[in-house]
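These notes are about the structure you will find just below.
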Amino acid sequence: MRTFPELIVCEHCDSVYRRRALAPGETARCARCAATLYGARRIDVDRRLALTLAAAILFLIANLYPVIRVSLRGLRNEATLWESAAALAQGPMILVAIPFALAVIAVPFAQIVLLAWVLVHARAGRRAPGFAPAMRALAMLRPWSMVEVCLLGILVSVVKLSSFSQVSPGAGLWAMAGLMLLLPLIADRSIRRLWDWTEPAPRLGAKP
Amino acid sequence: MSTGLLAGPRVIACPVCSLVCEDTLGEAEGRAGVRCPRCGAALHRRRPGGVERAFALLLAALILYVPANVLPVMHTSLFGRGGDSTILSGIIDFWRGGSRGIALIIFIASVAVPCTKFLVLGLLLATARRRSRWARRERAGLYRLVEWIGYWSMLDVVVVAVVSAIVKFQALSDVEPRIGILFFGAVVILTMLSAMSFDPRLIWDGK
């Protein structure tokens with residue numbers, strides 16, 4: 001099968017374009033449907049790996065420390081993400097507790113681990129063992145990662161509870177805020193360019 | 001972008017790695033099992049399942065949206081007094097309690113976003129089925145909107161989870177999730193799956 005690495009097809013309307021280098025900050029848009037084709041390379045592999053490690057640390061903090069603390073008439077309570085998922089899992093509600101736990105814990109975890117794995121090898125200019133399934137998984141996971149929604153949900157809960165008790169954010173909440181900023185930066189659509197950046201040399205000039 | 005459209009052999013883009021490949025699917029689209037030579041993902045001219053699957057998922061979401069709003073999502077007991085609350089009653093409580101900003105955020109996430117998704121996906125599916133050429137650029141924009149607002153409705157699920165986890169003060173106060181939140185979570189997931197099954201390229205297939 002012939003391939004055309006110099007071309008790009010708009011995912012939203014099938015228009016075909018020739019790729020060209022973009023200046024920093026530029027974005028290529030489809031002339032027909034206005035969808036984004038690709039953006040200028042914002043962060044290189046080294047920086048992306050560094051940010052992925054930062055995200056891994058934030059992820060640990062977000063999961064180990066409480067995200068919210070309340071006190072009511074001298075009684076204190078705090079909750080972590082895991083306890084929130086567990087509190088939801090009552091009887092048939094386990095069917096919504098599992099997607100919740102997946103979206104705020106398991107999916108971000110898998111994204112960070114897979115990214116670190118492919119990026120560590122990409123730094124050396126090669127494809128990691130299992131590169132193809134890892135990249136397919138990253139593309140599949142992206143829409144199901146819900147850290148931002150979770151953070152907003154915790155903030156709404158803080159306001160909700162503050163009407164009858166003293167509420168304060170926990171360390172986990174700050175870590176989630178950091179994670180919310182980092183994850184879209186490191187696990188965005190542009191990671192598919194890793195396929196091009198790690199292309200083995202002989203195949204670069206595939207027959208035109 | 002000024003490069004313009006190119007003429008040449010029929011090509012097809014890999015949905016995973018974006019490599020542009022020659023279209024060798026022939027007439028046997030869907031069954032032939034042609035895979036991307038670079039990453040091994042299955043190549044399709046249009047997402048399999050298409051309009052029918054997207055429509056079925058949307059209909060299921062629309063049906064479940066009724067119990068999601070009618071049934072209570074949370075049971076609160078505070079100093080001995082207890083009561084169930086639904087999504088709408090939660091919004092009204094916030095509004096009356098003076099937290100109008102929060103009421104607005106929850107209203108957008110739990111009412112405006114799902115209703116927008118129902119309307120927009122319904123419109124996109126109906127026009128794609130009729131192969132309509134009407135307002136194609138605007139419809140493409142609407143699809144991107146639905147993709148973007150995708151999971152923001154999960155907000156209420158998070159709030160119920162966090163509040164039920166933390167309000168555990170034995171006799172003083174207790175919060176438990178109720179079945180409505182299960183239906184609501186299902187609505188969000190089904191509408192996301194529906195948007196993912198719909199292929200935006202169908203918008204441009206009109207004759």
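Just so we're on the same page: letters track the sequence lines, and every chain starts at 1.
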Review point. Of the backbone (N, CA, C, O) and the side chain (C-beta and beyond), which part of B:Ile203 lies under 4.5 Å from a heavy atom of chain A, both, or neither?
Key: neither

Check your understanding: Should B:Arg46 and A:Asp14 count as an ion pair when the cut-off is N to O under 4.0 Å?
Key -> yes

Review point. Side chain, backbone, both or neither: which part of B:Tyr143 has an atom under 4.5 Å from a heavy atom of chain A?
Key: side chain

**Study point:** Interchain contact, A:Pro66 with chain B, by part (heavy-atom threshold 4.5 Å)
**Key:** neither

Point to revise | Which of B:Ala161, B:Ala165, B:Gly185 touches chain A most, by non-hydrogen pairs under 4.5 Å | key: B:Ala161

**Study point:** Residues from residues 171-188 of chain A approaching chain B under 4.5 Å (heavy atoms)
**Key:** none

Exercise for review: Against chain A, label B:Glu147 side chain, backbone, both or neither, depending on which of its atoms sit under 4.5 Å from a heavy atom there.
Suggested key: side chain

Point to revise | Within residues 96-122 of chain A, residues adjacent to chain B where the heavy-atom gap is under 4.5 Å | key: A:Val96, A:Pro99, A:Phe100

Check your understanding: Counting heavy atoms not belonging to A:Phe131, are there more than 12 under 6.0 Å from its CZ?
Key -> yes

Exercise for review: Counting only heavy atoms closer than 4.5 Å, note whether B:Arg35 contacts chain A via side chain, backbone, both or neither.
Suggested key: backbone

**Study point:** B:Arg137 versus A:Arg32, closest heavy-atom pair with distance
**Key:** NH1-O, 2.6 Å

Exercise for review: For the pair B:Phe94 and A:Lys160, evaluate side chain to side chain contact (heavy atoms under 4.5 Å, CB included) and give the outcome as yes or no after the intermediate values.
Suggested key: CA-CA 8 Å; B:Phe94 267 125; A:Lys160 201 179 179 90; 3.4 Å; yes

Point to revise | Least distance between heavy atoms, B:Glu22 atom then A:Phe4 atom | key: N-CE1, 3.8 Å

**Study point:** SG-CG distance between A:Cys13 and B:Asp205, expressed to the nearest 0.5 angstrom
**Key:** 10.5 Å

Review point. Applying a criterion of heavy atom separation less than 4.5 Å, what residues of residues 132-141 of chain A form contacts with chain B?
Key: A:Ala132, A:Met135, A:Arg136

Point to revise | Approximate separation, where rounding is to 0.5 Å, of A:Cys10 SG and B:Arg201 CZ | key: 9.0 Å

Review point. Which region of A:Leu152, side chain (C-beta onward) or backbone (N, CA, C, O), has a non-hydrogen atom less than 4.5 Å from a non-hydrogen atom of chain B, or is it both or neither?
Key: both

Check your understanding: How far apart are the closest heavy atoms of B:Trp152 and A:Glu148, and which atoms are they?
Key -> CH2-CB, 3.5 Å

Point to revise | Partner chain A: residue of B:Cys39, B:Ala140, B:Cys14, B:Ala13 with the largest heavy-atom pair count (under 4.5 Å) | key: B:Cys39

Exercise for review: Kindly give the heavy-atom pair with the smallest separation between A:Pro143 and B:Met196, and that separation in Å.
Suggested key: CB-CE, 3.6 Å

Point to revise | Among B:Val167, B:Ile166, B:Val163, side chain to side chain contact (heavy atoms under 4.5 Å, CB included) partner for A:Ser157 | key: B:Val163

**Study point:** A:Arg2 side chain vs B:Cys21 backbone, donor-acceptor pair below 3.5 Å
**Key:** no

Exercise for review: Could you list which of residues 73-93 of chain A have a heavy atom closer than 4.5 Å to any heavy atom of chain B, in residue-number order?
Suggested key: A:Arg73, A:Leu75, A:Arg76, A:Asn77, A:Glu78, A:Ala79, A:Glu83, A:Ser84, A:Ala87, A:Leu88, A:Gln90, A:Pro92, A:Met93

**Study point:** Residue B:Ile105 versus chain A: region with a heavy atom under 4.5 Å
**Key:** side chain

Review point. Is it the side chain or the backbone of B:Arg178 that comes within 4.5 Å of chain A heavy atoms, both, or neither?
Key: backbone

Review point. Side chain to side chain contact (heavy atoms under 4.5 Å, CB included) between A:Tyr17 and B:Val20: does it pass, once the steps are laid out?
Key: CA-CA 10 Å; A:Tyr17 299 93; B:Val20 180; over 6 Å; no

Check your understanding: Under the side chain to side chain contact (heavy atoms under 4.5 Å, CB included) criterion, do B:Arg38 and A:Asp196 qualify, and how do the steps go?
Key -> CA-CA 10 Å; B:Arg38 180 160 74 173; A:Asp196 301 322; 2.8 Å; yes

Point to revise | Most contacts with chain B, counted as non-hydrogen pairs under 4.5 angstrom, among A:Val158, A:Ile154, A:Ile68 | key: A:Ile68

Review point. So which part of B:Ile106 gets closer than 4.5 Å to some heavy atom of chain A, the side chain, the backbone, both or neither?
Key: side chain

Exercise for review: Measure across A:Arg192 and B:Ser18 and return the closest heavy-atom pair with its distance rounded to 0.1 Å.
Suggested key: NH1-OG, 2.6 Å

Point to revise | A:Ser145, part contacting chain B, at a heavy-atom distance under 4.5 Å | key: backbone

**Study point:** Nearest atoms (heavy-atom pairs only) where A:Val149 meets B:Val158
**Key:** O-CG2, 4.3 Å

**Study point:** Part of B:Ser99 lying under 4.5 Å from any heavy atom of chain A
**Key:** side chain

Study note, to complete from the structure: Applying a strict 4.5 Å limit to non-hydrogen atoms, the region of A:Glu26 in contact with chain B is neither

